[in-house]
Number of protein chains: 2
Amino acid sequence: MDETCCAPLDGKVVREVERRDSDVELAVLSKALGHPARVRILRFVIAQESCICGDIVEHLPLAQSTVSQHLKMLKQAGLIRGTIDGPRVCYCVEPKALQRFRQLVSGL
Amino acid sequence: MDETCCAPLDGKVVREVERRDSDVELAVLSKALGHPARVRILRFVIAQESCICGDIVEHLPLAQSTVSQHLKMLKQAGLIRGTIDGPRVCYCVEPKALQRFRQLVSGL
DNA sequence: GCCATTAATCGTAATTCTACGATACGACTG
DNA sequence: CAGTCGTATCGTAGAATTACGATTAATGGC
């Protein structure tokens, strides 16, 4: 076995790595909300607490395909989740991700 | 005088406009932190509380011109301020903007 | 099974971002 | 006043984002 491979990291190194991870984590979440349409979508989803994609499209001055793209980005960042409900897709917020975002921003 | 011009808005309209403004406001701030390098720069500036541009460049694996670009974006979003200090530029955080960002994210 | 409905994906054009080296600019130093 | 140091800006190439219409895929009703 290679001693250096899995040797325990000291506290300083651990914190260093964690900090860099959280740089990326915060950047990913921030980027997801880096467009007004996505802020609006997220707020709408939170307000409605469960909402069908079509409702979001109606609520925004954007094409269905564009909204779908924005939803995809929010989903990839982990901020929302989409569950299939018959022929529709029901979107809802992912509270843990939102909480994590709050935590990271508060911790700045 | 045109009555419709400066007529008082009713509460509903005011809240509507405020909400849309804050969509953009949150998007602008989020976008500024939508890149790991900028998160790292902001954290560095906060940690050092006052720091020379050159120190930031040393601290990141990026060219000086790239760092300067990122600083410009953070400045344009209002998150940092740069004051000229002799031949150098001293960057520091803009606490009000940071506080506003926290407020907007908490309010989601 | 066929059709309508709903949402995702594809293709594409225009714009913006990211990174770099090179260059310009402003302010001290000798 | 010439030179140096620290930053900003310019030019540019490649990647990513944003928007749309057209198409595809999946589901439920007839």
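Chain naming here is simple, since letters A, B, ... match the order of the sequence lines and numbering starts at 1 in each.
- The phosphate of D:dT18 (OP1 or OP2) has no side-chain N or O of A:Thr66 nearer than 4.0 angstrom.
- Along DNA chain D, the nucleotide nearest A:Gly86 and the nucleotide nearest A:Ala37 are compared for position; the residue whose nucleotide lies closer to the 5' end is A:Ala37.
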The test is side chain to side chain donor-acceptor pair (under 3.5 Å); show your working for A:Ser22 and B:Arg43 and say whether it passes. CA-CA 11 Å; A:Ser22 80; B:Arg43 283 183 164 155; 2.9 Å; yes
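- An OP1 or OP2 oxygen of C:dG26 is reached within less than 4.0 angstrom by no side-chain nitrogen or oxygen of B:Arg88.
- Residue contacts for A:Ile84: at a heavy-atom cut-off of 4.0 Å it reaches no nucleic acid atom on any strand shown.
- For a distance-only test at 3.5 Å, the side chain of B:Gln69 fails to qualify as a donor-acceptor partner of the base of D:dA8.
- The B:Pro87 side chain lies nearest to C:dA27 when the options are C:dC20, C:dA27, D:dT18.
- With DNA chain C read from its 5' end, the first of the two nearest nucleotides for A:Lys31 and A:Lys75 is the one closest to A:Lys75.
- With hydrophobic clusters built from ILVMFWY side chains whose heavy atoms lie under 4.5 angstrom apart, A:Val67 shares a cluster with A:Val39.
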CA sep, side-chain torsions, deciding dist, call: B:Val45, B:Ile41, side chain to side chain contact (heavy atoms under 4.5 Å, CB included): CA-CA 6 Å; B:Val45 168; B:Ile41 289 172; 4.2 Å; yes
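- We find the CD-SG distance between A:Glu58 and A:Cys51 to be 11.5 Å, quoted to the nearest 0.5 Å.
- For C:dC17, neither phosphate oxygen OP1 nor OP2 lies less than 4.0 angstrom from any side-chain nitrogen or oxygen of B:His70.
- Distances shown here put a side-chain N or O of B:Tyr91 below 4.0 Å from the OP1 or OP2 atom of D:dA8.
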